[in-house]
Novice: 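The structure is given below, and queries will be raised subsequently.
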Protein chains: 2
Amino acid sequence: MISSKELLISKGVKPTLQRMKIYKYLHGKKTHPTADEIYKVLVKEMPTMSKTTVYNTLNMLAKKGLISVVTITGTEVRFDGEMYSHHHFLCEKCGKVIDIVLECPVCREKEIFGHKIKETHGYFKGICGACRSGND
Amino acid sequence: MISSKELLISKGVKPTLQRMKIYKYLHGKKTHPTADEIYKVLVKEMPTMSKTTVYNTLNMLAKKGLISVVTITGTEVRFDGEMYSHHHFLCEKCGKVIDIVLECPVCREKEIFGHKIKETHGYFKGICGACRSGND
DNA sequence: ATGACTGCAAAATATTTGCATATTC
DNA sequence: GAATATGCAAATATTTTGCAGTCAT
């Protein structure tokens with residue numbers, strides 16, 4: 001079991017305190033927070049944390065392949081600390097983004113119609129189970 | 001062959017001049033413009049066209065199922081006038097959003113893990129054929 | 001001391017809202 | 001003339017940028 005710190009180092013990322021806090025906050029979390037949500041939580045325990053650093057770090061971690069970007073809502077970018085292949089479901093009622101783990105042949109493609117594929121994202125939109133049964 | 005006007009009426013949308021212009025601009029177009037791009041084009045031939053109306057109309061048409069929302073970039077919402085099922089490819093180099101028509105078993109699902117699915121979106125990101133071969 | 005990182009403030013971008021005017025049935 | 005639609009301006013939300021200060025090697 002490799003530590004978060006070693007993981008960052010192995011990808012060539014200098015493990016500063018801010019970066020560790022941000023990465024650890026995302027990793028293993030089932031929610032898919034925005035940069036602003038992450039900032040608001042972390043600034044409480046680290047008052048000097050700035051939003052710029054949160055954005056810088058998230059974009060850098062995404063580029064390094066350590067976290068992934070979820071653009072399901074369109075008006076804001078959400079982040080996911082889990083890198084195994086999975087889809088996302090957005091509930092139109094409660095706004096939650098839920099992980100959907102399934103086999104998807106289309107996601108295995110690395111090239112299509114001459115275009116080189118680096119990332120694949122599958123998004124579903126609808127009403128989640130909890131909202132359907134009235135258990136928010 | 002049903003006209004755009006009749007199509008809007010059949011979905012309960014009053015076919016005002018502004019709405020017709022916006023719908024016609026999107027429908028049959030292969031690009032996936034933002035609200036701002038649509039506004040900039042249409043305001044030239046119709047100087048009173050306002051951005052508010054463009055946003056209102058696009059959101060309303062999307063809700064009525066006449067156009068679809070493409071959230072592949074995350075920082076802005078794009079719109080697609082074609083409603084047949086297809087995926088999208090975003091080129092990281094030139095920024096183009098390209099339609100990808102393929103068979104996808106996952107897209108046929110109407111419910112998953114108890115969640116009611118209303119929409120499915122498949123997004124690919126990478127380098128498009130033109131950028132790979134240097135023909136921008 | 002050099003280069004990398006952080007953080008504040010301001011700018012840029014995208015979208016929504018309040019409200020007054022105009023249009024339609 | 002009531003309801004609906006439009007349009008301007010202002011507000012809000014999200015993300016990026018410029019730059020000065022800090023930290024680590």
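In what follows, chains carry the letters A, B, and so on, assigned in the order in which the sequence lines appear, proteins first and then strands, with residues in each chain numbered from 1.
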Novice: Can you measure Lys14(B) atom NZ to dT6(D) atom P for me and round it to whole angstrom units?
Specialist: 9 Å
Novice: CZ of Phe79(A) to CD of Glu76(A): how many Å apart, nearest 0.5 Å?
Specialist: 10.5 Å
Novice: Within the side chain of Thr71(B), is there an N or O that forms a donor-acceptor pair under 3.5 Å with the backbone of Gly74(B)?
Specialist: no
Novice: Tyr123(B) ring centre to Lys125(B) NZ or CZ under 6.0 Å, with the angle to the axis within 45°?
Specialist: no
Novice: Atom CG of Leu42(B) and atom P of dT6(D): how far apart are they, to the nearest Å?
Specialist: 13 Å
Novice: Tell me which one of Ile98(A), Asp99(A), Ile72(A) satisfies side-chain contact (heavy atoms from CB on, under 4.5 Å) with His32(A).
Specialist: Asp99(A)
Novice: Over how many whole Å does the gap from Tyr55(A) atom OH to dG18(D) atom C1' extend?
Specialist: 18 Å
Novice: Does the distance from a Lys or Arg side-chain N to an Asp or Glu carboxylate O, for Lys116(A) and Glu92(B), drop under 4.0 Å?
Specialist: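 Not counted as a salt bridge, because no side-chain N and carboxylate O are separated by less than 4.0 Å.
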Novice: Can you see whether Asp80(B) engages His88(B) through a side-chain donor-acceptor pair at a distance of less than 3.5 angstrom?
Specialist: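 There is such a pair (donor and acceptor under 3.5 Å, judged by atom type) between the side chains of Asp80(B) and His88(B).
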Novice: Of the non-hydrogen atoms in Lys64(A) and Gly12(A), which two are nearest, and what is the gap between them?
Specialist: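 That would be NZ-O, 4.0 Å.
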Novice: Is Thr53(B) close enough to dA5(D) that one of its side-chain N or O atoms is under 4.0 Å from OP1 or OP2 there?
Specialist: no
Novice: Here's a test of your reading of the structure: between Lys51(A) and Val77(B), which maps to the more 5' nucleotide of DNA chain C?
Specialist: Lys51(A)
Novice: Is it true that a side-chain atom of His27(B) and a backbone atom of Gly81(B) form a donor plus acceptor pair closer than 3.5 Å?
Specialist: yes
Novice: In terms of side-chain heavy atoms of Glu76(A), which of dA14(C), dT15(D), dC5(C) is nearest?
Specialist: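 Of the candidates, dT15(D) comes closest.
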Novice: Is any side-chain N of the basic residue among Glu111(B) and Lys118(B) closer than 4.0 Å to the acidic one's carboxylate O?
Specialist: no
Novice: Rounded to whole angstroms, how far apart are NZ on Lys64(A) and P on dA4(C)?
Specialist: 12 Å
Novice: How many whole angstroms separate atom CG of Leu17(A) from atom P of dT6(C)?
Specialist: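 Distance check: Leu17(A) CG to dT6(C) P gives 9 Å.
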Novice: Does the distance from a Lys or Arg side-chain N to an Asp or Glu carboxylate O, for Glu6(B) and Lys11(B), drop under 4.0 Å?
Specialist: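 No, this pair does not count.
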Novice: Heavy-atom contacts under 4.0 Å between residues 56-63 of chain B and DNA chain D, which residues?
Specialist: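 Contacts with DNA chain D under 4.0 Å: none.
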Novice: Whole angstroms only, please: what is the NZ-P distance between Lys21(A) and dG7(C)?
Specialist: 12 Å
Novice: Same cluster for Leu61(B) and Leu26(B) if Ile/Leu/Val/Met/Phe/Trp/Tyr side chains link at under 4.5 Å?
Specialist: yes
Novice: Round to a whole Å and report the spacing from CG of Asp36(A) to P of dA13(D).
Specialist: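 After rounding, the gap between these two atoms is 10 Å.
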Novice: Which one, dT6(C), dG7(D), dT15(D), comes nearest to the side chain of Arg19(A)?
Specialist: dT6(C)
Novice: Kindly give the atom pairs (protein nitrogen or oxygen, nucleotide nitrogen or oxygen) under 3.5 Å for nucleotides 8-10 of chain D.
Specialist:
from, atom 1, to, atom 2, distance (Å)
dC8(D), N4, Thr52(B), OG1, 2.8
dA9(D), N6, Thr52(B), OG1, 3.4

Novice: Please pick, from dT16(D), dT6(D), dC5(C), the nucleotide with the shortest atom-to-atom distance to any side-chain atom of Gln18(B).
Specialist: dT6(D)
Novice: Taking only side-chain N and O atoms of Thr34(B), does any of them lie within less than 4.0 angstrom of OP1 or OP2 on dA14(C)?
Specialist: no
Novice: Going by an N to O cut-off under 4.0 Å, is there a salt bridge joining Lys21(B) and Glu45(B)?
Specialist: yes
Novice: Using a 4.0 Å cut-off on heavy atoms, which residues in residues 65-75 of chain A reach DNA chain C? List them by number, or say none.
Specialist: none
Novice: Rounding to a whole Å, what distance do you find between Met46(A):CE and dT22(D):C1'?
Specialist: 13 Å
